[in-house]
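Worksheet: the structure to be examined is printed underneath.
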There are 2 protein chains.
Amino acid sequence: MLIATYSAEYRKRLQSATYFVKLGSMSRPNVFQTNCPIARVTAVIGEAWTLMVLREAFLGTRHFNDFERQLGIARNILSDRLKKLVEAGLMQRQPSATDKRAVEYRLTEPGRALYPVLIGLTQWASQYLCCGESALRFIDRATGQDIAPLSVQSQDGRALGLKDIAMVPGPDADQAMEERFEAASRAAQG
Amino acid sequence: MLIATYSAEYRKRLQSATYFVKLGSMSRPNVFQTNCPIARVTAVIGEAWTLMVLREAFLGTRHFNDFERQLGIARNILSDRLKKLVEAGLMQRQPSATDKRAVEYRLTEPGRALYPVLIGLTQWASQYLCCGESALRFIDRATGQDIAPLSVQSQDGRALGLKDIAMVPGPDADQAMEERFEAASRAAQG
DNA sequence: TAGGACCAGTTGCTTATTGCAACCTATAGC
DNA sequence: GCTATAGGTTGCAATAAGCAACTGGTCCTA
């Protein structure tokens, strides 16, 4: 439902070329006007520092100066990223109730919905970039155990590997996209 | 085991400041020398276009010119990103056996291990950026059904929300990091 | 076996982004 | 009032991306 609150307006901008042209350094409207979700997600969280800002937000940071201190990010860049995250509906900007100078940046529902991705990235990096020993672990509060590695599953809960799944064109796919999926499907099999 | 094949050499570079300083535009060694997995993953796949190149690779693209055509990426940037992905061990570069002009870029095991993340991003974007109707769906080959939404789970398969999990310092965490997690833990509860 | 097309890049130039420091406005606290 | 703090903005130098043209091999056809 929160989707509905921001998507009506936001969707228009997503579909206008000028918006994407200004996003990130990838000024290729043709790429971002496709409805490939990865292209769109790149436009929204693909810029330098954006993922780190989100990580900070998940760690509970809410204030401009705290983001700056924790990340060592330049203030103008931080300002820009927070603005874009708010625009994109991932975070909300709220003047503090107790201190009129202060502003609080918090994740919205769409923003929080990214946490499986953040966890997936963390698990991947811990395994492949930190050689299994990172500074960060996730545990299940109820049991204290490490959480399970993120896995792709079927509706009935079977774990699915890369070869068990297929990409198929969705409702918005065009002809070129459909042809690509057939090629991709063959490639995945081989 | 494939980890072992590239990590011995790669790990050294990961730990040297100069490597990170040159990665992306975020020339802040202090950030990337931390062992925060998100910081590291940003260094490796956070640059503009890198995620798109990976998406292409998952779609079965293997040749330089095909990446260029499908993405509309500048050739020098593509060259740079492929080089870095190979260096980082996510892709491998192999001269074609049948055509001596051609080169094949393929995902390695560490690269393929990113697919849950790609799927998570796709599902998130489809829901929040494409309003549920994207050009791309994933189905279970065995049944033809859509796959399940990516979920974070406990060891025994319970679905875990953001509030059911806690971040705790791992083996490589320092004092400052430990203090942060306590703050983060409190923030997640509230 | 000469000529053209094709693959995988590289080079040089222009434009857009980032990093850094200094500055600004409004509020808080004493 | 005076100083410190919060959340920015502005201008300038350094860096990265976008674009077109060029290179060095290899394939293919006549």
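Treat the numbers as computed from the prediction; the structure is a model and nothing was measured. In what follows, chains carry the letters A, B, and so on, assigned in the order in which the sequence lines appear, proteins first and then strands, with residues in each chain numbered from 1.
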**Prompt:** Is the backbone N or O of Ile38(A) less than 3.5 Å from a side-chain atom of Arg55(B), with the two atoms forming a donor-acceptor pair by type?
**Reply:** no
**With sequence neighbours excluded, residues passing side-chain contact (heavy atoms from CB on, under 4.5 Å) with Asp146(B)** = Gln155(A), Arg137(B), Ile139(B)
**Heavy-atom donor-acceptor pair, Arg75(A) side-chain to dA21(C) base, under 3.5 Å** = no
Tabulated below should be each protein N or O lying under 3.5 Å from an N or O of nucleotides 25-30 of chain D; please produce it.
from, atom 1, to, atom 2, distance (Å)
dC27(D), OP1, Lys100(B), N, 2.7

**Candidate nucleotides dA6(D), dA8(C), dT9(D), ranked by approach to the side chain of His63(A) - the nearest** = dA6(D)
**Fill in**
Those residues at least two apart in sequence (or on a different chain) that pass side-chain hydrogen bond (donor to acceptor under 3.5 Å, both in side chains) with Asp140(A) are Thr143(A), Arg158(B)
**From Leu160(A), Val152(A), Leu150(A), residue fulfilling side-chain contact (heavy atoms from CB on, under 4.5 Å) relative to Ile119(B)** = Val152(A)
**Request:** Side chain of Trp49(A) only, please: which of dG19(C), dG8(D), dA17(D) is the nearest?
**Result:** dG19(C)
**Request:** Verify, without hydrogens or angle tests, whether Gln127(B) (side chain) and Thr122(B) (backbone) share a donor-acceptor contact under 3.5 angstrom.
**Result:** no
**Prompt:** Between dA6(D) atom P and Arg62(A) atom CZ, what is the distance in whole Å?
**Reply:** 16 Å
**Of Arg69(B) and Asn76(B), the one whose closest DNA chain C nucleotide lies more 5'** = Arg69(B)
**Asked** Do the side chain of Arg62(A) and the main chain of Arg106(A) share a donor and acceptor less than 3.5 angstrom apart?
**Response** no
**Request:** Mind calculating the distance between CG (Leu82(B)) and C1' (dC7(C)) to the nearest angstrom?
**Result:** 14 Å
**Request:** Report which part of the nucleic acid Tyr105(B) touches: base, sugar-phosphate, or nothing (heavy-atom distance under 4.0 Å, all strands).
**Result:** sugar-phosphate
**Complete:** Between Ala102(A) and Lys83(A), the residue closer to the 5' end of DNA chain D by nearest nucleotide is Ala102(A)
**Complete:** Of dT9(D), dG9(C), dA17(D), the nucleotide closest to the side chain of Ser79(B) is dG9(C)
**Length of the line joining Leu71(B):CG and dA17(D):C1', which is rounded to integer Å** = 15 Å
**Item:** Residue whose nearest DNA chain C nucleotide is more 5′ - Glu104(B) or Asp80(A)
**Value:** Glu104(B)
**d(CZ, Phe64(A); P, dA26(C)) in whole Å** = 18 Å
**Prompt:** Rounded to the nearest Å, what distance is computed from the CD atom of residue Glu68(A) to the P atom of nucleotide dA22(C)?
**Reply:** 14 Å
**Prompt:** Could you state the CD1-P distance from Ile77(B) to dA20(D), rounded to the nearest angstrom?
**Reply:** 14 Å
**Distance, rounded to the nearest Å, where Met91(A) contributes CE and dG7(D) contributes P** = 12 Å
**Asked** Is a side-chain N or O of Thr108(B) found less than 3.5 angstrom from the main chain of Gly89(B), in a donor-acceptor match?
**Response** yes
**Request:** Round to the nearest Å and state the distance from Leu78(A) atom CG to dT9(D) atom C1'.
**Result:** 13 Å
